[in-house]
Number of protein chains: 2
Amino acid sequence: MAANILIVEDETSILELIALNLQQAGFNPIRAINAEYADNIVKETVPDLIVLDWMLPGMNGIEFLKRLRGNSLTKKIPVIMLTAKSEEDNKIMGLNAGADDYLTKPFSPRELVARIKALLRGRSPELIDEPITISELNLNPQTHQVQVDDKLIKVGPTEFKLLHFFMKNTEIVFSRNQIINKIWGNNYDVDERTVDVHIKRLRKNLAEVGKNKLIHTIRGFGYKFSEK
Amino acid sequence: MAANILIVEDETSILELIALNLQQAGFNPIRAINAEYADNIVKETVPDLIVLDWMLPGMNGIEFLKRLRGNSLTKKIPVIMLTAKSEEDNKIMGLNAGADDYLTKPFSPRELVARIKALLRGRSPELIDEPITISELNLNPQTHQVQVDDKLIKVGPTEFKLLHFFMKNTEIVFSRNQIINKIWGNNYDVDERTVDVHIKRLRKNLAEVGKNKLIHTIRGFGYKFSEK
DNA sequence: ATTTATATGTCATCTATATGTCATTTTTAA
DNA sequence: TTAAAAATGACATATAGATGACATATAAAT
């Protein structure tokens, strides 16, 4: 569920520093110590954002970036470039090559996280855990609360995940299998009917505040969360 | 943990005076003798607050301020403007440009510190280690005491840190790993279950004054401190 | 330096809550 | 009216969290 962020950085101390901070900020860091390695990772799982060091052994950052931009699958991934202070001029080259933002070393991890959030907010807001309100129903991932006005609603762990997922993806119909993959994970083996049961439980919870109608059954296809 | 405060002031005597006083007040002062220099610093580490002189050589204070407000990352940093008495009219301009407070020279360092605290209290209370009281439970980091009314509560070292952390970050759910990182430090290797044990000990301590309910278990996610 | 007290982290056990499945009932669309 | 799909209630099981005990580590006192 958390955004996958690929970090391409050859200095392992910095790599770890970044990874740790991203983890703390609720992201899922993926480490790569050079561009070749990163390239392989990208082929397997397209990350949601890339933090890319300018100076890398072998294929350098710019080259890797150009490659990313040349492929339709990876063309749109937001990229933040890391440059050393002395290479300041490179930032122009970096931005020209298609970087979305850049940061000069040394930088504060806090700022990096802030910039990542800023970029993700623009591109894929569903990946940052911000509070969501839909027809007075408010879900706050930080406080782990669901409420209407000031009335708190008790919701079990799985139901919470389910509701969060729905509220991040309103109006879209999901099959039971899609829901299982999103909530339980890809290689999890649960019965399709189990989804029905959790939907039922969630509806029961929401019924306390009269919001159970937000979850719609699409007969033959699955479920969707909709205001309409 | 101490708040980073950027001071932008061209007269080094005043700069040092301010820096000294902030240090004494437990803040971490960062010095800049002009706006260009300050700009570079801000790019590296976003400070928690800026003390900005109005009259500066080169780019003046207002210009710098406008620049700050134009960037989403720095937009929200509280800024205190310093103006000379003769420039009193400028305070209006300063506030228009987005300053959060202003102070006319000569000012007492004590007053500056007070205003800084006031601003931080509103924006990021976790940065000033002041006593915190939440539903009658009072924690004082200076005296290292926890009490309700006048009744002192005995709390072990780890439990104290834990409680302090929770009281600075109320309502937010933290995973056991996040708690470990915050309390034990980043590269410390303790079992996740250990958190449970310390939570239990803290609850036991708080139970003496009936405040154990302030710590909530969020099944499957972690713990949070909440009045609700 | 030695003793004493206090705090720490881990483990095994107990308890509460959540989970997934199934059988049954109800709803829906043709 | 009927067949398929979805809703529901019940239940056995799994899992996460609470707790008490203990051996060890750390700090304080002598």
Side-chain angles (χ1 to χ4, degrees), chain A residues 144-146 152-166 173-208 211-226, chain B residues 144-146 152-166 173-208 211-226:
Chain A
H144 207 268
Q145 284 176 340
V146 181
L152 281 173
I153 305 153
K154 196 174 144 28
V155 177
T158 307
E159 284 72 53
F160 189 89
K161 281 188 220 160
L162 196 54
L163 181 60
H164 192 193
F165 168 67
F166 271 133
V173 181
F174 294 97
S175 72
R176 291 175 173 73
N177 264 319
Q178 284 176 309
I179 293 171
I180 288 170
N181 286 336
K182 291 291 182 184
I183 305 297
W184 281 264
N186 279 327
N187 31 12
Y188 218 90
D189 176 41
V190 284
D191 196 281
E192 290 220 333
R193 295 285 125 225
T194 298
V195 175
D196 298 34
V197 177
H198 283 284
I199 288 280
K200 181 213 134 201
R201 286 171 182 157
L202 179 54
R203 275 174 173 156
K204 196 181 169 190
N205 294 151
L206 295 178
E208 283 177 41
K211 295 293 173 191
N212 50 320
K213 294 283 172 62
L214 289 168
I215 294 168
H216 300 250
T217 304
I218 312 300
R219 208 183 158 83
F221 294 90
Y223 298 94
K224 75 167 173 177
F225 187 97
S226 168
Chain B
H144 210 268
Q145 282 176 339
V146 181
L152 277 173
I153 304 152
K154 196 174 143 32
V155 176
T158 307
E159 283 71 53
F160 188 88
K161 279 189 224 161
L162 195 55
L163 182 60
H164 192 192
F165 169 67
F166 270 132
V173 180
F174 295 96
S175 71
R176 290 176 173 72
N177 265 320
Q178 284 177 312
I179 292 171
I180 289 170
N181 286 335
K182 292 289 182 185
I183 305 298
W184 281 264
N186 279 329
N187 32 12
Y188 219 89
D189 176 41
V190 283
D191 196 281
E192 289 218 337
R193 297 282 124 231
T194 299
V195 176
D196 297 35
V197 177
H198 283 284
I199 288 280
K200 183 213 132 204
R201 286 170 183 159
L202 179 55
R203 275 175 173 156
K204 197 181 170 191
N205 294 151
L206 294 178
E208 284 176 40
K211 296 293 172 190
N212 52 321
K213 294 282 173 61
L214 288 168
I215 293 167
H216 300 248
T217 304
I218 310 299
R219 194 171 238 263
F221 294 88
Y223 297 95
K224 73 168 172 176
F225 187 96
S226 168

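Lettering follows sequence order; numbering is per chain, from 1. None of the values given here were measured: they were computed from a predicted structure.
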Once you apply a heavy-atom cut-off of 4.0 Å, does [X] come out as touching a base, just sugar-phosphate, or nothing?
{"X": "B:Phe160", "value": "nothing"}
{"X": "A:Arg201", "value": "base"}
{"X": "B:Lys204", "value": "nothing"}
{"X": "A:Glu192", "value": "nothing"}
{"X": "B:Thr194", "value": "base"}

Return the 5'-most residue of the pair B:Val197, B:Gly156 with respect to DNA chain C, ranking by each residue's nearest nucleotide.
->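 On the 5' side of the pair lies B:Gly156.
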For [X] and [Y], which heavy atoms make the closest approach, and how far apart are they?
{"X": "B:Arg203", "Y": "B:Asn212", "result": "O-CB, 3.4 Å"}
{"X": "B:Lys224", "Y": "B:Phe166", "result": "CA-CE2, 4.0 Å"}
{"X": "B:Asp196", "Y": "B:Arg176", "result": "OD1-NE, 2.7 Å"}
{"X": "B:Arg219", "Y": "A:Pro157", "result": "O-CG, 3.7 Å"}

Would you kindly compare A:Gly222 and B:Arg203 by the position of their nearest DNA chain D nucleotide and give the one closer to the 5′ end?
->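 Checking each residue's closest nucleotide, the 5'-ward one belongs to A:Gly222.
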Nearest-neighbour nucleotide for the [X] side chain, [options] considered:
{"X": "B:Thr158", "options": "C:dT21, D:dA6, C:dT8", "answer": "C:dT8"}
{"X": "B:Arg193", "options": "D:dG9, D:dA18, D:dG17", "answer": "D:dG17"}
{"X": "B:His198", "options": "C:dG9, C:dG20, D:dA18", "answer": "C:dG9"}
{"X": "A:Pro157", "options": "C:dT19, D:dA18, D:dA7", "answer": "C:dT19"}
{"X": "A:Asp191", "options": "D:dT8, C:dT21, D:dA18", "answer": "C:dT21"}
{"X": "A:Arg219", "options": "D:dG17, C:dA7, C:dT28", "answer": "C:dT28"}

Using a cut-off of less than 4.0 Å, is there contact between a side-chain N or O of [X] and OP1 or OP2 of [N]?
{"X": "B:Lys154", "N": "C:dA7", "answer": "yes"}
{"X": "B:Thr217", "N": "D:dA16", "answer": "no"}
{"X": "B:Tyr223", "N": "D:dA16", "answer": "no"}
{"X": "B:Trp184", "N": "C:dG9", "answer": "yes"}
{"X": "A:Tyr188", "N": "C:dT19", "answer": "no"}

Rounded off to whole Å, could you give me the [atom1]-to-[atom2] distance for the [X] and [N] pair?
{"X": "A:Leu162", "N": "C:dG20", "atom1": "CG", "atom2": "C1'", "answer": "14 Å"}
{"X": "B:His144", "N": "C:dA7", "atom1": "NE2", "atom2": "P", "answer": "11 Å"}
{"X": "A:Phe221", "N": "C:dA29", "atom1": "CZ", "atom2": "C1'", "answer": "13 Å"}
{"X": "B:Glu159", "N": "C:dA7", "atom1": "CD", "atom2": "P", "answer": "9 Å"}
{"X": "A:Ile218", "N": "D:dA7", "atom1": "CD1", "atom2": "C1'", "answer": "15 Å"}
{"X": "B:Ile183", "N": "C:dG9", "atom1": "CD1", "atom2": "C1'", "answer": "15 Å"}
{"X": "A:Lys161", "N": "C:dT19", "atom1": "NZ", "atom2": "P", "answer": "8 Å"}
{"X": "B:Asp196", "N": "C:dA12", "atom1": "CG", "atom2": "C1'", "answer": "14 Å"}

Report the residue from A:Leu202, A:Ile179, A:Val173, A:Ile218 that forms a side-chain contact (heavy atoms from CB on, under 4.5 Å) with A:Tyr223.
->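 Of all the options given, the one that passes is A:Ile179.
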Describe, in one word, how the ring planes of A:Phe174 and A:Phe165 are oriented to each other, choosing from parallel (under 30°), tilted (30 to 60°) and perpendicular (over 60°).
->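 The rings of A:Phe174 and A:Phe165 sit tilted, inter-plane angle from 30° to 60°.
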